[in-house]
Amino acid sequence: MPAYTVVTFGCQMNQHDSDRIGEVLRGIGYLEVKEPADADLVVLNTCSIREKAEQKLRSEVGRLGMLKRLKPGLVIGVAGCMAQQEGERLAKRMPQIDFMLGPDNIAELPSILAEVELGAPPPIRTVFDLERPQFLNAEAEPGRTGPTAFVTVMKGCDERCTYCVVPHTRGPERYRNAREILDEIRRLVEAGVREVTLLGQTVNSYRDPAGSLGAAIGAGETHFKHTLRAVALEDESEFPALLRAICAEVPDLLRLRYTSPHPRHLTWSLILAHRDLPALARHVHMPVQSGSDRVLKRMLRRYSVEEYVERVEALRAEVPGVTFSTDVIVGFPGETAEDFAATLALAERVRFTGFFGFTYSERPNTPALKLADDVPEAEKSARLEQIFELTDRHRREHLESLRGTTELVLVERRGKAGDFMGRSERNEIVHFACAGDVIGQLVPVRITEAYNNSLRGELEPSFVLAPRPARAPAAPSALPKRRTLPVLAGA
Ligand code: SAM
Ligand code: SF4
């Protein structure tokens, strides 16, 4: 049996693609191995979202090239954004590469490998499937499917954030049929998955191409002020309807998350879905990028700081205890000390419990290339350090405030010390000990210690280790209100 390994760079979206690559390869008889040294085929699944992507790829390919000298039959493939963006050029520069595969071409892997075997020049398959977008189903494989899974609902991006390479590497927005999404989630849950994270670059702009969902409660209403009020009222997103359909049709799904929502599609209807659906996690990762309206405009983010905060506050009013994490870019072209101070002020106002900060880097084919990258690198790093310091403090204070509370933890796996590790509804990592196997169960854990990035606790004595009881299916109109969940002190 030939052996393969996939080396993944970048985000969850790339990990999700790597999983699909693995499924296609196992479907044609490949066996997965961990180490490239044991493999006949190595796929490097690349990410080009931030700098040094090519440098990283180059050093990986160089290392594999040495292995190839010892093992001439070794096939090296490059997948993902770098292949999509620079396939031709990279193939010329790195002759060790045998093929290039764009994110929309994973299903073509068997025919590409056949071409490679026949000795063809490196096939470069990087065509977007614009006419008939294809979404590879995630397979629910016994022994591989854990309690959590990602499910793609859309691909590509129609936003044009001026710093971002994604519209170029992933193409325009294409949505998956709601029926397909629901069937995939049902299959995953039957195989033991208990938490699903819906994936999309602007996941909450989702619409069902088959038009099967109908309007969700609150669709077309807005209770916010808007710079672009007409745009908000015309929001055609059906994402809240999708969330309601998932919870109604797959009642054994214990938790539902999504990433990443664009703030301009965080509609009133989505807030009502959060209020009504107990499975929807009380945590939202909502990238803000900057706390300065001037910078947001230059980034073409299409919302103001006030609009962002308004959504945060509306969600907090309807969903007590909801927490937020975010992405921020520091040192965007023209970012002044005042602009950066505004970002710090926003962080102070929202108090994010999770924070992903990046220094701006120029990306090929992006509109921001026309702006001078004028913030010195040392200043960018200093700003990043400063905002990390602030948000680290916010996270630590938040975790500290959870001491003595009871959190419902979805158990994901065993930890290093033989204990268990899971996540709370708000995405905090929780470690605890238990005599039985509780992986995949939702267990109440009393928090006893708070660390920098995680919590430790003890199982509530009331918890009885038993098979998880099946939940009765709930009709959408009869869905319990979130407040029927145990109220967590300090939440
Ligand atoms: N689609 C998501 C959104 O709109 O927020 C995330 C896109 S991207 C995969 C993840 C993060 O990378 C972005 O939120 C942004 O903070 C960061 N990023 C993207 N382009 C960047 C650039 N040129 N320089 C620095 N950070 C960048
Ligand atoms: Fe990039 Fe903006 Fe699209 Fe996110 S929304 S993928 S940052 S263009």
Side-chain angles (χ1 to χ4, degrees), residues 8-17 45-54 80-82 84-85 103 150 152-175 197-206 237 239 257-266 284-292 295-303 308 311 324-335 340 343 346-347 352 354-375 377 380-381 383-384 387-388 391:
T8 310
F9 304 95
C11 62
Q12 291 118 325
M13 201 86 68
N14 262 27
Q15 185 54 54
H16 188 267
D17 285 348
N45 192 12
T46 59
C47 167
S48 61
I49 201 80
R50 284 176 292 276
E51 63 183 340
K52 301 200 180 102
E54 185 168 336
C81 299
M82 290 294 290
Q84 184 70 42
Q85 189 178 289
F150 291 111
T152 306
V153 304
M154 62 174 291
K155 52 185 173 182
C157 182
D158 283 352
E159 298 293 322
R160 288 289 176 269
C161 303
T162 52
Y163 51 81
C164 183
V165 78
V166 167
H168 187 75
T169 56
R170 299 248 169 195
E173 282 178 22
R174 284 144 295 158
Y175 308 106
T197 303
L198 304 177
L199 283 183
Q201 291 293 354
T202 56
V203 69
N204 55 342
S205 70
Y206 175 81
S237 152
F239 189 63
R257 302 185 191 273
Y258 56 84
T259 194
S260 291
H262 192 287
R264 79 188 182 96
H265 295 294
L266 204 130
V284 179
H285 177 74
M286 183 158 69
V288 67
Q289 312 299 358
S290 170
S292 155
V295 175
L296 287 177
K297 255 194 187 158
R298 287 157 71 87
M299 288 177 162
L300 198 61
R301 285 294 288 181
R302 303 180 220 242
Y303 52 82
Y308 183 91
R311 282 156 175 76
F324 293 87
S325 54
T326 203
D327 293 350
V328 160
I329 298 175
V330 300
F332 185 74
E335 186 189 71
F340 178 62
T343 304
L346 174 75
F352 298 104
F355 182 81
F356 300 86
F358 312 101
T359 53
Y360 169 74
S361 69
E362 290 186 320
R363 301 284 77 210
N365 307 302
T366 56
L369 286 176
K370 292 197 193 101
L371 306 170
D373 185 9
D374 55 358
V375 181
E377 290 304 316
K380 285 181 189 171
S381 303
R383 289 181 190 177
L384 192 61
I387 197 159
F388 275 142
T391 53

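Numbering of residues begins at 1 and proceeds along the displayed sequence. Read the numbers this way: they start at 1 and go in the same order the structure lists the ligands and their atoms.
- For the pairing with His285, the side chain to side chain contact (heavy atoms under 4.5 Å, CB included) check across Tyr258, Phe356, Phe324 returns one residue only, Phe356.
- Closest heavy-atom contact between Ser290 and Thr343: OG-OG1, 3.6 Å.
- Only side-chain heavy atoms of Gln289 come within less than 4.0 Å of ligand 1; its backbone N, CA, C and O stay farther off.
- Every side-chain contact (heavy atoms from CB on, under 4.5 Å) that Pro172 has, sequence neighbours left out, goes to Leu130, Asp158, Arg174.
- The backbone N or O of Gln289 sits nowhere less than 3.5 Å from a side-chain atom of Asp327 that would complete a donor-acceptor pair.
- Checked by distance only, ligand 1 and Tyr360 stay at 3.5 Å or farther apart across all their nitrogen or oxygen atoms.
- Counting only heavy atoms of the protein, atom 12 (O) of ligand 1 lies nearest to Arg50 NH1, 2.7 Å.
- A side-chain donor from one of Glu173 and Thr202 sits under 3.5 Å from a side-chain acceptor of the other.
- Applying the side-chain hydrogen bond (donor to acceptor under 3.5 Å, both in side chains) test to Thr8 and every residue at least two apart in sequence or in another chain returns Ser18.
- Regarding atom 11 (C) of ligand 1, its nearest protein heavy-atom neighbour is Asp327 OD2, 3.5 Å.
- Near Arg301, with a cut-off below 4.0 Å to any heavy atom, the atoms of ligand 1 are 4 (O).
- Below the 2.8 Å limit, atom 2 (Fe) of ligand 2 has as protein N, O or S neighbours Cys161 SG.
- Exactly one of Gln85, His168, Arg363 qualifies for a side-chain hydrogen bond (donor to acceptor under 3.5 Å, both in side chains) with Ser48. That residue is Gln85.
- Ser361 O, 2.8 Å is the protein heavy atom nearest to atom 23 (N) of ligand 1.
- Proximity of Ser205 to His262: side-chain heavy atoms (C-beta onward) are nowhere separated by under 4.5 Å.
- Asp17 and Lys155 are not joined by a salt bridge, as no carboxylate oxygen comes within less than 4.0 angstrom of a charged side-chain nitrogen.
- Closest protein heavy atom to atom 27 (C) of ligand 1: Ile329 CD1, 3.6 Å.
- Residue, atom and distance of the protein heavy atom nearest to atom 9 (C) of ligand 1 are Ile49 CD1, 3.6 Å.
- His16 pairs by the ring-ring contact (aromatic ring centres under 6.0 Å, His included) definition with nothing, not counting sequence neighbours.
- Residue contact annotation: Arg363 has a non-hydrogen atom under 4.0 Å from ligand 1.
- Using a 30° and 60° split on the angle between ring planes, Phe355 and Phe352 fall in the tilted class, from 30° to 60°.
- Taking all atoms of both residues into account, the shortest heavy-atom contact from Pro263 to Arg311 is O-NE, 2.8 Å.
- Counting heavy atoms closer than 4.0 Å to ligand 1, residue Tyr163 contributes atoms from both its backbone and its side chain.
- Protein heavy atom at the shortest distance from atom 2 (C) of ligand 1 is Gln201 O, 3.5 Å.
- Closest approach of Thr391 to Ala347, counting heavy atoms only: CG2-CB, 4.3 Å.
- Only backbone heavy atoms of Thr359 (N, CA, C or O) come within less than 4.0 Å of ligand 1; its side chain stays farther off.
- Of all the atoms in ligand 2, the ones that sit under 4.0 Å from a non-hydrogen atom of Tyr163 are 7 (S).
- Only the side chain of Pro287 comes within contact range of ligand 1, with a heavy atom under 4.0 Å; no backbone atom does.
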